[in-house]
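Worksheet for the structure shown next.
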Amino acid sequence: MSKAVFLDRDGTLNAAVIRDERPYPPATPGELELIDGVADACAELTGAGFKLVCITNQPDIARGTQERATVDAINARLLELLALDEIVVCPHDDADDCPCRKPRPGMILDSAERLGIDLARSVTVGDRWRDVDAGHGAGTRTVFIDRGYAEQQPAAQPDLTVSDLKESIPWILASTL
Ligand SMILES: [Mg+2]
Ligand SMILES: [Zn+2]
């Protein structure tokens, strides 16, 4: 069984668009911009034997304000930039009551089964409470990238709080079993 790092997308790998102190996804592939240090961070994790899985809530699809094809095009661009094993999308909103929308752990659990991942040796990283709570619920350790958004804090205590993905790499490399 492999170990993995489950990575949120917007605000974790690529820059989120900030409006009213809250993060939003880029609207087009052309707006996709990696955060400084992310490419090197991913390469270090891959080199240390981690699979890399991006798990992303994209409720604008359910809300009708974004096309699934555009989300897929943004993700295809991300796969050109980073050596990710897969990108998993939840296209739903809260009203759909699906098992995949973070803070539920469905995307992590499904990917772990598909790719043969040992969750106890894995880590989830994200910039919102939903990411930390999903990672905790799936049985991974969790890293919270605290960007000071105007929203609730994680219910689960993160194992590490940092200001960006790069800052978490020494801890992830040192602390995994
Ligand atoms: Mg995010
Ligand atoms: Zn879903």
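Below, each value reflects all heavy atoms present in this structure, side chains not excepted, and no hydrogens, waters or symmetry copies. Read the numbers this way: they start at 1 and go in the same order the structure lists the ligands and their atoms. Residues: numbered from 1 along the sequence shown.
- Within the 2.8 Å limit, Asp127 places at least one N, O or S atom next to the Mg ion (ligand 1).
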Test side chain to side chain donor-acceptor pair (under 3.5 Å) on Gln58 and Asp10; report intermediate values, then the result. CA-CA 10 Å; Gln58 296 295 329; Asp10 307 311; 3.1 Å; yes
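- Salt bridge annotation for Glu86-Lys51: absent, with no cationic side-chain nitrogen under 4.0 angstrom from a carboxylate oxygen.
- Between the Mg ion (ligand 1) and the N, O or S atoms of Asp10, the shortest distance is to O.
- Looking at Arg104 and Asp97, a side-chain N of the basic residue comes within less than 4.0 Å of a carboxylate O on the acidic one, giving a salt bridge.
- The Zn ion (ligand 2) sits nearest to atom ND1 when only the N, O or S atoms of His92 are considered.
- The Zn ion (ligand 2) is the vertex of the angle joining SG of Cys98 and SG of Cys90, which measures 110° to the nearest 10°.
- Taking the Mg ion (ligand 1) as reference, the nearest N/O/S atom within Asp8 carries the name OD2.
- In terms of modelled atom types and a separation under 3.5 Å, the side chain of Gln66 and the main chain of Val71 share no donor-acceptor contact.
- With salt bridges taken as basic N to acidic carboxylate O contacts below 4.0 Å, one links Asp72 and Arg68.
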